[in-house]
Structures are given as C-alpha cells and as structure tokens.
Amino acid sequence: MPTEVRVRFAPSPTGHLHVGSAHTALFNWLYARHHGGALILRIEDTDAERSTEENIGSILEALTWLGLDWDEGPPSPGYRQTERLDLYREHAARLLKAGHAYYCECPPEQLDAARRAAEERKETFRYSGRCRDRGLSTGALRLRIPDQGATVVNDLINGPVTFEHGQLDDWILVRTDGTPTYNFCVVVDDVTMRITHVIRGNDHLSNTPKQILCYEALDYPVPEFAHVSMILGPDRSRLSKRHGATSVQAYRDDGFLPDALVNYLARLGWSHGDQEIFSRGEMIELFDVKEVASAGAVFDRTKLEWLNQQYMKAMDGPALAAHVEPFVTRAGLRIPGDHAWLGRVVDTLKERAKTLMELVETGRFYFEAPASYEPKAAQKFLTAEGGQRLDALVERLTGRPDWTAAALEAVFRGRADALGVKLGDLAQLARLAVTGRTASPPLFDVLALLGRDESLARLRRARAATR
RNA sequence: GACCCCGUCGUCUAGCCUGGCCCAGGACGCGACCCUUUCAAGGUCGAGAUCGCGGGUUCGAAUCCCGCCGGGGUCACCA
C-alpha cells in the first residue's frame with residue numbers, strides 16, 4: 001500500500017497572510033487534494049516577539065476565505081510549535097546522546113566579531129567548531145556537520161541541487177535559553193507529523209541541506225522537497241508592501257472573489273496548455289508539482305482584475321449579489337429593494353467592473369439619485385431643447401402601466417421618431433438625467449430597475465436643471 | 001563576497017527532458033475595426049520575443065555542451 005500523501009502549510013503568525021504564502025498554501029492544498037492526501041496546518045510561533053494571536057486568527061480567516069481547507073491543524077491543539085516544546089527537547093537529547101550534537105559556549109559577541117572579520121576578508125562565515133570536542137554540558141546545542149562530502153537535495157521542481165558540506169556549518173538546534181530554533185523545529189515537526197512532501201517557498205532551498213543532515217542524524221526518513229518560486233514585484237524582487245497590497249485580505253477588501261484569486265495564484269508558476277480559467281475541480285485534477293516552473297513570477301494585478309471580471313460575469317445575479325452586498329453597505333449606501341432586485345441590478349453591472357468595489361461605484365445611481373451631472377454632458381444635453389425632450393418623455397411615461405425594458409424602449413423609439421432625432425440622442429439625455437453620467441448599463445434596464453416613480457422623479461429633476 | 005536558484009513578447013506562460021512540426025503558440029495589457037442607445041462585454045485583425053550574451057556540437061538549436069553576463073534568494077543563539 002503506497003503511503004498516504006501528507007503535506008503541510010506552516011505560516012509564522014508575524015503578519016497577515018501574504019499572497020506569496022497563499023500561493024504555496026494553494027500548491028500544498030492542490031497536491032493534497034489531487035492525491036487524496038492530507039493537508040496539515042501548523043503554526044510556527046516560536047518567535048514570541050512577533051507572533052500574535054490576532055495574526056493567527058487572520059491567517060486562518062484568509063485561508064478559509066480562499067477555500068483552502070486543512071485536514072489537521074488549529075483549532076485542534078498540538079499544531080502550534082509553542083505547544084510542542086517537549087518534542088523538541090526529546091529530540092535534542094537524542095542527538096546529544098548519540099554524539100550528533102554538542103554544546104557550545106562561544107559568547108555571541110565573539111561569534112559576531114568572527115562574523116564581521118570574515119565579512120572583512122570577504123569570506124563566508126562558518127562556525128569554527130571550537131566547542132565541538134570540549135564535552136561541554138551547557139550552552140547552545142549545535143548539530144555536528146560532517147566535514148567531508150556533500151548533501152544533494154532532490155527537489156521535485158528544481159532537480160538535484162548539491163551543497164558541499166564545507167559550505168555548511170554546525171548550526172544551532174537549541175539556543176542557550178533552551179528554546180529550539182526554526183530549522184530544528186521544522187525537522188522535528190515534519191517528521192513527527194509524518195509529512196511526505198515539503199512544498200514551500202524557494203527561499204528555503206538553502207536551508208534544506210542543513211535540515212536533511214538533521215533528519216539523517218535522527219535516523220529518520222527524509223521527505224520529498226519541492227521549492228516553489230517566489231512571487232515578485234515589478235522590479236523582480238520579492239513582493240513586499242513596498243510594491244503595494246500584499247495581504248490576501250487586502251485583495252478581499254478591494255473586491256476580488258476568492259475563486260478569482262485562487263485561479264490567478266494557480267497560474268503563477270503553473271499552467272496547463274493554453275487554459276486560463278480553471279474550476280477548483282479542474283485544478284485539483286490537473287495539478288502536479290513536478291510541472292511547476294522554477295522561475296519567479298511577477299504579480300500582475302491587471303491580469304487578476306481580468307480574471308475577477310471573468311468570474312463575476314460567469315456568476316448569476318443572486319449569487320454575485322451576496323458578495324456585493326457588504327460592499328454596498330460599506331460605501332454607505334442603502335439597498336432600496338430585495339435580494340432578487342439586487343441580483344438583477346448586479347447582472348447589469350457585472351460586465352462593467354473589474355472588482356466588487358468598482359461594481360458598486362459604477363452602479364451607485366441604483367442606490368441614490370445623482371447628486372450632480374457630468375458638467376460637459378450637462379452643458380450639451382441640459383439645454384432648452386433638452387428640456388422640451390424631457391417634457392415629452394415625462395408626458396409619455398407618466399402613468400404607464402407596463403414599466404418594462406421592452407415597453408420603455410418602444411416608447412423611446414416612438415418619441416425619437418416623432419421628434420426626428422436618433423434614439424441615441426434621447427437615450428443619452430435620459431441617461432444623464434437618471435444616472436448623472438454618460439456611461440451606464442443599458443438605459444431601459446436601468447429605468448425598469450429603478451421603477452416608474454423614481455425614474456420619473458429623476459427625469460423631472462433634470463428638466464428643472466435645464467437652462 | 002560565498003553558496004544556491006532563475007533568465008522565451010511589458011507581464012503570466014507553452015515549447016526545452018525525447019533537436020527539425022517554432023523565422024516561437026496562448027493569455028493579460030495595448031491599438032484598430034465590427035457589434036451597439038452610452039460604457040462595457042463579445043467578435044475579428046494587428047503591433048509586440050534577434051528565445052540574456054558569446055562560443056561549440058549538429059545537415060539543423062529556444063531545445064544539447066562550455067563560458068560569461070544579468071536578476072533574485074540564503075548566509076543569525078529571526079522565522
């Protein structure tokens with residue numbers, strides 16, 4: 001029986017969920033789901049200084065919003081590193097006893113000095129190994145790295161990567177104060193959680209040989225590794241706040257759909273022929289880490305926006321309306337109809353906006369009468385002649401029982417013929433009156449959705465504004 | 001600086017393993033046109049890559065080999 005695939009996503013709660021982290025979380029999730037395996041969520045909170053409870057909550061929330069569910073992890077206990085200290089202690093003791101680790105009492109100041117000196121000489125700093133054979137019983141615990149040989153990381157994405165042991169040094173497993181270091185915790189956790197595939201950011205590739213040596217010292221099987229490329233800013237350096245929004249929630253708040261973000265992230269470093277849009281099911285079925293590209297990818301918000309629009313367009317009104325509602329409220333607007341009404345409104349707006357936020361802004365007139373008219377258009381349309389046309393429209397429209405888009409269009413066409421003008425002339429005038437703008441969804445749909453009373457009121461108000 | 005990774009249109013990518021179908025395909029963005037009551041959406045067409053550079057192997061290289069250059073990442077008693 002083949003061993004079950006077990007992957008993990010291990011964020012450190014020092015901030016919100018970064019899109020780069022979401023990217024590797026997604027690849028882990030896809031890999032787990034594709035293989036019918038398990039995704040384990042582990043919180044790496046050994047940095048007490050920067051880890052906060054709020055950040056943990058925020059990360060879980062972001063993952064949930066993205067629809068990346070985990071099979072093991074919080075809120076169950078035992079998935080935070082701070083809860084697993086005994087485990088690290090046990091393993092440290094084992095390494096010490098087996099002679100694979102030793103205590104080091106070199107004062108930090110001395111190490112710093114040596115580091116600076118090495119830097120002066122333009123050399124790589126490596127711990128001298130001064131305490132290797134002193135048989136000390138206190139201090140920081142270091143892993144003994146073989147002097148000779150090399151360790152090869154057989155990366156699923158990057159292929160075999162060789163690191164000479166001469167490049168590595170006896171790294172610290174446990175600090176003088178007894179707390180375990182990150183690299184040590186990762187090894188112990190991945191082993192005890194029976195992780196079969198470590199899929200993580202490319203920035204960890206250099207740490208991998210150190211970790212492999214630790215697995216071997218512990219006499220544990222080494223998992224498979226896959227180092228995913230990082231997400232870059234326009235200047236091709238790692239995407240950071242300096243480049244703009246980086247957190248998943250920032251994109252949520254800007255009005256992106258989780259499916260769109262997930263689809264976008266999936267296409268960063270991964271592809272399947274010429275296909276751009278993938279349902280979750282398709283992604284799960286088609287995804288394979290071995291096909292992930294090793295080059296970094298620049299985050300392109302414009303393409304994300306396009307994808308978001310594709311997703312909004314594909315969604316039916318009522319479903320989209322549920323996503324839109326909070327944005328209406330947040331804009332300080334009231335919804336003058338029921339959910340079905342909002343669904344129809346949203347149907348007229350979804351192909352005119354890239355984000356939910358933009359959609360609300362574009363359709364603002366559905367929720368409140370225009371506070372003003374576009375100056376240039378007002379200049380052109382709200383003239384004496386425009387007033388006469390508005391009068392004609394109001395007269396024809398008042399008291400009309402059939403307030404549907406089709407009926408309204410018939411009235412407008414009839415009026416345009418009678419007045420000897422093009423439909424467009426009349427439509428633009430009415431559009432300005434009703435929306436305050438020269439661009440909007442189809443006028444007759446807008447009128448129908450606004451209702452007779454509101455539409456007529458707006459036409460009259462525009463009439464009053466003519467010169 | 002050392003080590004490691006990466007290098008195809010502005011961007012995301014296909015092709016590279018198993019050389020010829022590639023004087024390089026798709027998508028975003030950009031331009032034009034069509035459709036049209038406006039704006040979008042949609043459709044069609046187009047501009048855009050000497051495949052980082054230089055050698056070599058070969059009848060033939062984006063694809064194989066070597067060197068170089070450029071970018072990024074890692075070098076903590078941070079994670």
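From a predicted model like this one, the values you see are computed outputs, not experimental measurements. Chain A is the first sequence line, chain B the second, and so forth, proteins listed ahead of strands; every chain is numbered from 1.
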Could you please name the option among [options] that lies closest to any side-chain atom of [X]?
X	options	answer
Q309(A)	A40(B), A79(B), C77(B)	A40(B)
D203(A)	U38(B), G73(B), A27(B)	G73(B)
D274(A)	C77(B), G26(B), C6(B)	G26(B)

*Can you tell me the distance, in whole Å, between the CG atom of D169(A) and the P atom of U74(B)?*
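For the pair D169(A) CG and U74(B) P, the rounded distance is 17 Å.
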[N] versus [M] - spacing of their [atom1] atoms, nearest Å:
N	M	atom1	answer
G52(B)	U63(B)	P	8 Å
A41(B)	A14(B)	C1'	27 Å
C45(B)	U38(B)	C1'	25 Å

So does [X] get a side-chain nitrogen or oxygen closer than 4.0 Å to the phosphate oxygens (OP1/OP2) of [N]?
X	N	value
S294(A)	C6(B)	yes
S271(A)	A14(B)	yes
R236(A)	G73(B)	no

*Is the shortest side-chain N to carboxylate O distance from D147(A) to R132(A) below 4.0 Å?*
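Yes, D147(A) and R132(A) are salt-bridged.
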*Candidates N28(A), D190(A), D189(A) - the one meeting side-chain hydrogen bond (donor to acceptor under 3.5 Å, both in side chains) with R8(A)*: D190(A)
